[in-house]
Amino acid sequence: MKRFRLLVAGNAVSAYGSYLNMVALNVFVYHLTGSALTAGLYMAVRLLTSVASGVLAGALASRIPRKRLMVGADLTQATALVLLLLAPSGARVALLFGLAVIAGACSTVSGVALRSAVPEIVGAELRTRANSLLATGRSLAMVAGFGSASVIVAQLGYRWAFAFDALSFLVSASVLLSLPIRTEAAREKDVPAGAAKAEPGGGGRWATLMLLRSMPVVAVMVLVRAVDGLGSSSHNVALPIYSDALDHAHPAAFISQFWATWAIGNIAMQQILSRWTSRTGRSPGERVFALGACVMSAAFILVFSGLPTVLAVVAALVAGMADGLTEVAYVSRLQAVPDAQRARLFGLSASVENLGFGLGMILSGALLEEFSPLQVVGAFHGLAIPLCLGFLLLLVRGAVAGRAAPPAAPEPEAADDRVPASEGGRT
């Protein structure tokens, strides 16, 4: 795990650059053009690129070495930022929209490649612990990126913000290049090279959809993540409005408290999960995922329910812990899929999650013109609660039915010719 910890550090630096990039570039677009519409279009282009590139990212990570993809994504973003720094003022608007496409695509490609590579880097038995470390690094990077963006821009200016941004991606690429890690499953020596390459790519997105059809539990988990994306977008859009209503003189106060507490809860849950998996050797399963998603949605709704500040902060803490739990449970479950299909599954998942988040941003913004933050957040996060409870009920009933079913009686004759019950059945 020592090498993987270095990878986590490099990934956290890259994530810091992404969060710093998200804030500094969005503000820079508005500063440069003076148009809220242009700033909104910039965000839309970046998000739509993330949605569209998910399936492509899965295909690329099935065919191209994942380490090479991650390094290429970091270097591409660093190069684009350097070009923005060197460009004349008149060319910057066009370059910014090009950068939105690059940032959206590269972040998706890098995320899909890394998630699908984790079992090969650390081994399947350590994947939950590894996912907890990655989630901890990203949470710290989010707090640092969002927290430092305004300070860097205000004190040093946009050029320094973009320079730090580019440097973070270069650091991440350097760490990846220095690590002797394997990011793909070993191929059998007697399998022809052409067959090995064709296997993961064969069938494209239809192969992934057929895989989901054969794994209904995973398909429902992907659906839950899409609905979670809707809920996440609602509280992201509603937070500034709710915070301003709480304290008009200091509108950023509650937002800062919320995200800091959320991050503390998330990081605390990663530490708990890491110790639990180290002691038991087990991973949180589908039922933990469903229960965690239900608690997370309920906690986010409570944050906007007008509770006293102390109780609202406690609700944010619980939301962060549940969010961290569901993230690790979800990623670890998808990583249990064979390597040949894993990257495509993560690519489809990335597209679905980003699509849910993007639609939620649009719908939440429109609904908040007419309804309160509690009504909008309650409606969007409320969609996940019955879905998760129904999913949990099916999982429990399935487990009970499986335990209650009597073992199949052996055939009295021709026993040696029987096909074992495990072959051809569900996995």
Q) Do S50 side-chain atoms and R46 backbone N/O form a donor-acceptor pair below 3.5 Å? A) yes
**Q.** Side chain D165, main chain A161, donor-acceptor under 3.5 Å
**A.** no
**Q.** Contact check, side chains of V45 and T49, non-hydrogen atoms, under 4.5 Å
**A.** yes
(Q) Is the shortest side-chain heavy-atom distance between T76 and F169 below 4.5 Å? (A) no
Pair up each side-chain donor or acceptor in residues 299-316 with any protein partner under 3.5 Å, not counting sequence neighbours, and list the distances.
| residue | atom | partner | partner atom | Å |
| --- | --- | --- | --- | --- |
| S305 | OG | L302 | O | 2.6 |

Q. In terms of side-chain heavy atoms, does S148 have a donor or acceptor partner in Y16 at a distance below 3.5 Å?
A. yes
Q. What's the verdict on side chain to side chain contact (heavy atoms under 4.5 Å, CB included) for L170 and D74, showing C-alpha distance, side-chain angles and the deciding distance?
A. CA-CA 7 Å; L170 290 174; D74 283 336; over 6 Å; no
Q: Looking only at non-hydrogen atoms, find the nearest pair between G292 and L325 and report the distance.
A: CA-CD2, 4.4 Å
**Q.** Polar side-chain atom of S232 near backbone of D228 as donor-acceptor pair, under 3.5 Å
**A.** yes
Q) Hey, does the side chain of R342 reach the backbone of S116 with a donor-acceptor pair shorter than 3.5 angstrom? A) yes
(Q) Check this for me: does any side-chain nitrogen of one of R66 and D339 sit under 4.0 Å from a carboxylate oxygen of the other? (A) yes
Q | Contact check, side chains of S364 and S233, non-hydrogen atoms, under 4.5 Å | A | yes
Q. Taking the side chain from D323 and the backbone from A319, do they hold a donor-acceptor pair closer than 3.5 Å?
A. no
Q.
Distance to the ring centre below 6.0 angstrom and angle to the axis at most 45 degrees; does that hold for R333 and F289?
A. no
Q.
Measuring from atom CE of M142 to atom CH2 of W262, what distance do you get when rounded to the nearest 0.5 angstrom?
A. 4.5 Å
Q.
If you apply the rule side chain to side chain contact (heavy atoms under 4.5 Å, CB included), what do you find for L239 with W259, and how did you get there?
A. CA-CA 10 Å; L239 260 175; W259 286 120; 3.6 Å; yes
Q.
Nearest 0.5 Å, please: how far is CD1 in I64 from CG in L69?
A. 5.0 Å
Q. For L345, does its backbone N or O pair with a side-chain atom of S349 as donor and acceptor, under 3.5 Å?
A. no
Q.
Nearest 0.5 angstrom please: L176 CG to L75 CG, how far?
A. 9.5 Å
Q. How long is the span from the OG1 atom in T108 to the CG atom in L56, to the nearest 0.5 Å?
A. 10.0 Å
Q. Counting only heavy atoms not in Y158, do more than 12 fall under 6.0 Å of its OH?
A. yes
Q.
Check the orientation of F162 and F28. Use parallel for under 30°, tilted for 30 to 60°, and perpendicular for over 60°.
A. perpendicular
(Q) In the structure I gave you, are the side-chain heavy atoms of L291 and C388 within less than 4.5 Å of one another anywhere? (A) no
Q) Parallel, tilted or perpendicular: which fits the ring planes of F164 and W160, with parallel below 30° and perpendicular above 60°? A) tilted
Q | Test item: S110 side-chain N/O and M70 main-chain N/O as donor-acceptor pair under 3.5 Å | A | no
**Q.** Atom pair CG (L179) and CZ (R5), whose distance is rounded to the nearest 0.5 Å
**A.** 13.5 Å
Q: Might you point out which heavy atoms bring L273 and G324 nearest each other, and give the distance in Å?
A: CD1-O, 4.4 Å
Q | Over all atoms of both residues, closest heavy-atom pair of S53 and G104 | A | OG-O, 4.0 Å
Q) Any idea which heavy atoms bring L81 and A166 closest together, and the distance? A) CD1-N, 3.7 Å
Only distances under 3.5 Å count here; give the side-chain donor-acceptor pairs of residues 131-141 to other protein atoms, sequence neighbours excluded, each with its distance to 0.1 Å.
| residue | atom | partner | partner atom | Å |
| --- | --- | --- | --- | --- |
| N131 | OD1 | Q335 | NE2 | 3.2 |
| N131 | ND2 | R127 | O | 3.0 |
| N131 | ND2 | S332 | OG | 3.0 |
| N131 | ND2 | Q335 | OE1 | 2.8 |
| S132 | OG | T128 | O | 3.2 |
| S132 | OG | Q270 | OE1 | 3.4 |
| T136 | OG1 | S132 | O | 2.9 |
| R138 | NH2 | E327 | OE2 | 3.3 |
| S139 | OG | A135 | O | 3.0 |
| S139 | OG | N266 | OD1 | 3.0 |

Q: Mark yes or no for whether Q155, through its side chain, and I152, through its backbone, hold a donor-acceptor pair below 3.5 Å.
A: no
Q.
In the structure I gave you, are the side-chain heavy atoms of F391 and L223 within less than 4.5 Å of one another anywhere?
A. no
Q. Does some side-chain heavy atom of C294 sit less than 4.5 Å from a side-chain heavy atom of L392?
A. no
Q) Does the pair E286 and V217 meet the rule for a side chain to side chain contact (heavy atoms under 4.5 Å, CB included), with working shown? A) CA-CA 8 Å; E286 295 93 344; V217 169; 3.3 Å; yes
Q: Take R275 and Q271 through the test side chain to side chain contact (heavy atoms under 4.5 Å, CB included) and record every step on the way to the result.
A: CA-CA 6 Å; R275 285 176 172 78; Q271 298 305 307; 3.5 Å; yes
Q.
Side chains of V101 and F97, heavy atoms from C-beta outward: is any pair under 4.5 Å?
A. no
Q. Just wondering, do L387 and V224 contact through their side chains at under 4.5 Å, heavy atoms?
A. yes
**Q.** Smallest separation among heavy atoms of P373 and L368, with atom names
**A.** CA-CD2, 3.7 Å
**Q.** Donor-acceptor pair, side chain of K67 and main chain of R182, under 3.5 angstrom
**A.** no
Q) Roughly how far apart are L47 CG and L355 CG, rounded to 0.5 Å? A) 8.5 Å
Q: Provide the closest heavy-atom pair for Q77 versus A103 in the form atom of the first, atom of the second, distance.
A: OE1-CA, 3.9 Å
Q.
When you measure from the side chain of R159 to the backbone of L85, do you find a donor-acceptor pair of N or O atoms at a distance under 3.5 Å?
A. yes
